[in-house]
Participant: 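Before anything else, here's the structure in question.
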Amino acid sequence: MLPFSLFDAHCDTLSRCSRLDCGLRANTGHTDLTRGMQFRHYAQVFAVFRDGASPPLDGMFAEFTRQTDLFFQQMRENADWVIHCRSRSDLQQAAAEHKAAALLSVEGAELLECDPGRIDIAAELGVCMINLTWNRANALSGSHMEEAERGLSLQGKDFVRRAQEAGILVDVSHLSDAGFWDLINMTQRPVVASHSDARVLSPHTRNLTDDMFRAIRDTGGFVGINFYVPFLGRDGSLDAVFAHLEHFLDLDGEETVGFGGDWDGCDLLPAGVAGIQDMEKIYQRMLQRNYSQKLIDDIFYNNLKRTIFEQ
């Protein structure tokens, strides 16, 4: 067993399994329960995802239903190894029984057809966070890639209010800058960027400015380092991962930063990283750089746990 725990904020493994008809116990992607069981404790946020530019014939909400049905089927079939965690006590139970902890998120509110009235359905299923947009602009806001100057619509603000009232965190990864600041100006709960890096180091619109990071930090939120090489920039190596991590630490992010690897949602990872099993290389390098054990534990696990379950 690896001597550390991992709580990762974002993977697209669920949608990959839906497309390829495979399961969470073992697969050829970036993460599965078999590899997760090697950690002292393993918790993973599984995103429901579908590109709204190519919706299924029966609509995006039907796709949301299919993927959540698959998630619960996988929870039942692998109950010896995993627990769906909706609360802190669920997470504690998973850790005590040495089972993986699985959480649900939604990447792109078009999967709920941008309907604030469907928030209650998502909350009942245990969704813990929702991205307002993916790369496509929608009725709630512009995205980082389309209509980037457009912030939250009235419908978007209503969606945020209802999500936060239901205990669902709003995720700003993929959101337009204008939408980000509209959210910050109205938020009543911590804000997360589940899989985003530092824009000052890699000037991609998917990344966060320093002011954005500070704003998330000040809400008591969380930022997960994304392992997709085009977002990391530089040479796309583990050195680049540490450059982003340590930049956020320099912004007083010791209780804010963690990992959101974008596992199975990207096709280009740093050299030497093929999936979650290679997080041990990050851990070993932290020890070599004299990170304290508390800081390591916070980055790998505790910061995301605190944001989701202790606010």
Side-chain angles (χ1 to χ4, degrees), residues 6-36 42-56 60 63-75 78 82 84 100-112 122 125-136 138 143-145 169 171-175 192-197 204 206-207 222-232 258-270 273-279 304:
L6 175 65
F7 197 159
D8 183 88
H10 187 86
C11 76
D12 288 290
T13 308
L14 186 63
S15 60
R16 181 180 185 272
C17 288
S18 180
R19 291 193 316 273
L20 300 181
D21 192 24
C22 59
L24 297 180
R25 194 176 189 93
N27 59 60
T28 60
H30 294 153
T31 184
D32 55 33
L33 300 177
T34 301
R35 283 170 281 180
Y42 174 52
Q44 179 69 61
V45 180
F46 291 92
V48 177
F49 170 72
R50 173 82 181 233
D51 184 352
S54 57
M60 291 291 279
E63 180 67 20
F64 168 81
T65 300
R66 272 190 293 275
Q67 290 192 32
T68 53
D69 284 350
L70 174 61
F71 176 83
F72 288 110
Q73 175 193 342
Q74 290 293 305
M75 295 301 101
N78 298 289
V82 66
H84 175 212
L103 295 85
L104 266 176
S105 69
V106 177
E107 188 172 24
E110 52 268 29
L111 282 151
L112 301 177
L125 293 173
V127 169
C128 68
M129 63 179 76
I130 297 178
N131 294 80
L132 297 182
T133 68
W134 185 60
N135 288 342
R136 318 298 176 193
N138 61 28
S143 76
H144 79 103
M145 197 166 119
L169 298 171
D171 187 344
V172 300
S173 291
H174 294 280
L175 191 60
V192 300
S194 62
H195 56 305
S196 292
D197 297 326
H204 197 290
R206 273 284 284 104
N207 290 339
F222 173 85
V223 174
I225 298 292
N226 190 320
F227 280 70
Y228 185 39
V229 166
F231 299 160
L232 290 170
F259 296 110
D262 209 0
W263 309 113
D264 291 317
C266 62
D267 57 2
L268 193 58
L269 296 171
V273 176
I276 61 164
Q277 67 274 15
D278 292 312
M279 293 302 291
L304 184 55

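Quick note: residue numbers are just sequence positions, from 1. Just so you know, these numbers use all the heavy atoms, side chains as well, and skip hydrogens, waters and symmetry mates.
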Participant: Which atom pair, heavy atoms only, marks the closest approach of Val127 to Ser105?
Facilitator: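 Minimum heavy-atom separation between Val127 and Ser105: CG1-CA, 4.2 Å.
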
Participant: Tell me the closest heavy-atom pair linking Ala122 and Leu112, and the distance in Å.
Facilitator: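 Heavy atoms only, the tightest pair is CB-CD1, 4.1 Å.
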
Participant: For a quick test of reading the model, state the closest non-hydrogen atom pair linking Ala9 to Ser194 and the distance between them.
Facilitator: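 It is CB-O, 3.6 Å.
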
Participant: Below 30° counts as parallel, above 60° as perpendicular, anything between as tilted: where do the rings of His204 and His144 land?
Facilitator: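 His204 vs His144 ring planes: tilted.
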
Participant: For Asn135 and His174, what are the C-alpha separation, side-chain angles and deciding distance, and is it a side-chain contact (heavy atoms from CB on, under 4.5 Å)?
Facilitator: CA-CA 6 Å; Asn135 288 342; His174 294 280; 2.8 Å; yes

Participant: Picking from Asp267, Asp197, Leu269, what satisfies side-chain contact (heavy atoms from CB on, under 4.5 Å) with Tyr228?
Facilitator: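 Single side-chain contact (heavy atoms from CB on, under 4.5 Å) partner of Tyr228 among Asp267, Asp197, Leu269: Asp267.
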
Participant: Indicate whether any N or O donor in one side chain lies under 3.5 Å from an N or O acceptor in the other, for Asn131 and Glu107.
Facilitator: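 No, no side-chain donor-acceptor pair sits under 3.5 Å.
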
Participant: Going through the checks in order, is the side-chain contact (heavy atoms from CB on, under 4.5 Å) test met by Thr68 and Val48?
Facilitator: CA-CA 7 Å; Thr68 53; Val48 177; 4.0 Å; yes

Participant: For a quick test of reading the model, state the closest non-hydrogen atom pair linking Ser143 to Thr133 and the distance between them.
Facilitator: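 Where Ser143 meets Thr133 most closely, the heavy atoms are CB-OG1, 3.7 Å.
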
Participant: Side chains of Cys11 and Val45: does their closest heavy-atom pair fall under 4.5 Å?
Facilitator: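 No - every pair of side-chain heavy atoms lies 4.5 Å or more apart.
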
Participant: I'd like to know whether Asn207 forms a side-chain contact (heavy atoms from CB on, under 4.5 Å) with Phe231, so could you lay out the CA-CA distance, the side-chain angles of the two residues, the decisive distance to 0.1 Å, and finally the verdict.
Facilitator: CA-CA 7 Å; Asn207 290 339; Phe231 299 160; 3.8 Å; yes

Participant: Taking all non-hydrogen atoms of both residues into account, name the closest pair between Arg25 and Thr34 and its distance.
Facilitator: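 What the structure gives for the nearest pair is O-OG1, 2.6 Å.
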
Participant: Which class fits the ring pair His10 and His195: parallel under 30°, tilted 30 to 60°, perpendicular over 60°?
Facilitator: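 It falls in the parallel class, under 30°.
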
Participant: Check this for me: does any side-chain nitrogen of one of Arg35 and Asp32 sit under 4.0 Å from a carboxylate oxygen of the other?
Facilitator: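 A salt bridge is present here (some side-chain N lies under 4.0 Å from a carboxylate O).
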
Participant: Report yes if some heavy atom in the side chain of Met75 is under 4.5 Å from a heavy atom in the side chain of Leu24; otherwise report no.
Facilitator: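 Of all side-chain heavy-atom pairs linking Leu24 with Met75, at least one is under 4.5 Å.
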
Participant: Could you tell me whether the side chain of Asn226 reaches within less than 4.5 Å of the side chain of Leu232, counting heavy atoms only?
Facilitator: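 No, too far: nothing below the 4.5 Å cut-off.
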
Participant: Considering non-hydrogen atoms only, spot the tightest contact between Asp12 and Asp264 and give its length.
Facilitator: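 Result for this residue pair: CB-O, 3.6 Å.
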
